[in-house]
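The structure appears below as structure tokens.
The analysis underlying the following values was restricted to heavy atoms, covering all of them including side chains, and did not include hydrogens, waters or symmetry mates. Order of the sequence lines sets the chain letters (A, B, ...), proteins ahead of strands, with each chain counted from 1.
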2 protein chains.
Amino acid sequence: MPSARTPEALRLADEFRRLIAEHMWAPGDPLPSRTQIGQEHGVGENVVRRAQELLISQGVLEGRAGSGTYVAEPRQRVRVVRSSAREQPGVAPFRADMKALGRQGDWESRTDAKVPAPADIAARLGLAEGDLCVRTTYEFLANGKPVQLSTSWEPCDLTAGTLVVLPEGGPHAGAGVVNRMAAIGVTVSHAVEQPEPRTATAEEASLLGIQKATLVTHIRRTYYSDQGRPVETDIVVPTALCEIVYEIPINP
Amino acid sequence: MPSARTPEALRLADEFRRLIAEHMWAPGDPLPSRTQIGQEHGVGENVVRRAQELLISQGVLEGRAGSGTYVAEPRQRVRVVRSSAREQPGVAPFRADMKALGRQGDWESRTDAKVPAPADIAARLGLAEGDLCVRTTYEFLANGKPVQLSTSWEPCDLTAGTLVVLPEGGPHAGAGVVNRMAAIGVTVSHAVEQPEPRTATAEEASLLGIQKATLVTHIRRTYYSDQGRPVETDIVVPTALCEIVYEIPINP
DNA sequence: TCGAATTTGTGCGTATGTATC
DNA sequence: GGATACATACGCACAAATTCG
């Protein structure tokens, strides 16, 4: 009849937390190796690993393969405001967000002009599978570091032959969907966003510089106009880097 | 030199998915035991376990301790709309949501009248730690089954001596925060919601009838009035049961 | 420049607890 | 109460990445 009621790994994780809280371990410091910690605490190497994994998933520690496990630097998260006030004439929403935080907002993008819509996107856009779209993938940077990913899908026949075919080209480059649509006479009346939690894929983690399998919020956004749905956008917001804020006005 | 590039567990998970997609396994069916599956596929027992865990975390399978692993029943998720249109005079927001889905919306609540605010709540409400609050915990039901949890915190000195001291008592019971505040002359101008992904605690999983450690969205909501922040609410929305929709009007 | 030692990361296995039938 | 099945904790072996002489 053995059995401590709380697993050793959890106790060890608490010990790590205590050492960090009491400034025995400072941000950026490497931890001793797993074998060393294991010997000092009289536990198996795996127990150490599990304790570290727990805190890594919580953003307290950071593991670097081949190098060591480190105390994570406390980084201020980017506040991403999502409200109607985001859409201002001639200003890119993301850059406005970053300016409010005193950071430089930039982005890199790649546009593929005629991409057949995959099944799920086609369903969301009300198209047949395989109908052509303009797909643009974005990587948003705050002070040069990636903090957010997104992919936008616009049906080809919506913008074909206009000046705004390419989201990041022409006179309205980077002005945001609402402004671009307004330029071709399409009035966007409202947007709908559906945030869903999931874990980051390996590719996303690599692009964003975050630990693997950490939590992200996947926002599926739809812009609605009088004529129908102009644009769908998938946005990936890593929890470790950004906090999402929805502002909701209350009608009296 | 061994090593298949893809782990056995992932291949087995795909096999499970295929069997379900091809209707060999129907919703509600129990899977064979892990030892049996392991022998049939020539893999270890824990490989089966990992494959099942993966699909359980995705809501495809469902594990019941002591009983077996089952194909999850496909249940339609409850659509929770979060927008300014939610707040209508005299109507509880949640009940309106459920009515739009053709379901019956109910809730159970428990109010504790004078609870000292814990540190994090005090900070959010702009109080000192230990200041008294009215804490109300809710369990929202759709057709009798719990789908959402929330906890609201109201500073005592805000409502003390009025008819709306208790959120679920008096003439404005269940009418929603905005209406109750209006009854005592406090005009709520806007709300701010901050959705964060995390995993469900054991208690939450038990209350909501979901698998342990599945994903939820934890929404921290603040109602703002002209005088300051009247109310904070923590809302727990399980991904398996609900989808969250934010409607954002676009100002032309 | 290269390779060996160190460290983290991954996959798989075993023992034991615990719930269900 | 016994048998069965899932759940949990812990351990081992090897691969991948990094570091440093």
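The backbone N or O of B:Y138 sits nowhere less than 3.5 Å from a side-chain atom of B:S150 that would complete a donor-acceptor pair.
By the 4.0 Å N-to-carboxylate-O rule, B:E196 lies close enough to A:R77 to be salt-bridged with it.
Other residues, nucleotides and ligands contribute only 12 or fewer heavy atoms inside 6.0 Å of the CD atom of A:E203.
Distances from the side chain of A:E53 to the nucleotides D:dA5, C:dG13, C:dT10 place C:dT10 closest. If you check D:dC12, C:dC12, D:dT18 against the side chain of A:S67, the one that comes closest is D:dT18. For A:A9, the listed nucleotide lying nearest its side chain is D:dC10; candidates were D:dC10, D:dA17, D:dT19. Distances were taken from every side-chain heavy atom of B:R49 (C-beta onward) to each of C:dT10, D:dA5, C:dG13; the shortest belongs to C:dG13.
The distance between atom CD of B:Q36 and atom P of D:dC6, rounded to the nearest whole Å, is 10 Å. Whole-Å rounding puts the A:Q211 CD to D:dA17 P distance at 15 Å. At whole-Å resolution of the value, CD in A:E62 and P in D:dT18 are 13 Å apart. Going from atom OH of B:Y70 over to atom P of C:dA19 covers 16 Å, rounded to whole Å. Straight-line distance from the CD1 atom of B:I56 to the P atom of D:dA7: 5 Å, rounded to whole Å. Look at CD on B:Q52: it is 8 Å from P on D:dA7, rounded to the nearest Å. What separates CG of A:L31 from C1' of C:dT6 is a distance of 16 Å, to the nearest Å.
Of the residues in residues 40-48 of chain A, A:G44, A:N46, A:V47 come within less than 4.0 Å of DNA chain D through at least one heavy atom, sorted by number.
Sequence neighbours left out, the pairs with a member in residues 10-50 of chain A that pass ring-ring contact (aromatic ring centres under 6.0 Å, His included) are A:F16-A:W25.
Of the N and O atoms on the side chains of A:T111 and A:T136, at least one donor lies less than 3.5 Å from an acceptor on the other residue. Residues B:E193 and B:Y246 bring a donor and an acceptor atom of their side chains to less than 3.5 Å of each other.
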Show me the donor-acceptor pairs, under 3.5 Å and distance only, between side chains in residues 53-64 of chain A and residues at least two apart or in other chains.
| unit_1 | atom_1 | unit_2 | atom_2 | d |
| --- | --- | --- | --- | --- |
| A:E53 | OE2 | A:R49 | NH1 | 2.8 |
| A:S57 | OG | A:L54 | O | 2.7 |
| A:Q58 | OE1 | A:R17 | NH1 | 2.7 |
| A:Q58 | OE1 | A:R17 | NH2 | 3.4 |

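Residue contacts for B:R34: at a heavy-atom cut-off of 4.0 Å it reaches a base atom on one of the strands shown. Nucleic acid contact for A:E8: sugar-phosphate only, since backbone atoms but no base atoms lie under 4.0 Å from a heavy atom of the residue.
One N or O donor and one acceptor, one from the side chain of A:R50 and one from the base of D:dG11, sit under 3.5 Å apart.
Taking side-chain N and O atoms only, A:T69 has a distance below 4.0 Å to OP1 or OP2 of C:dT8.
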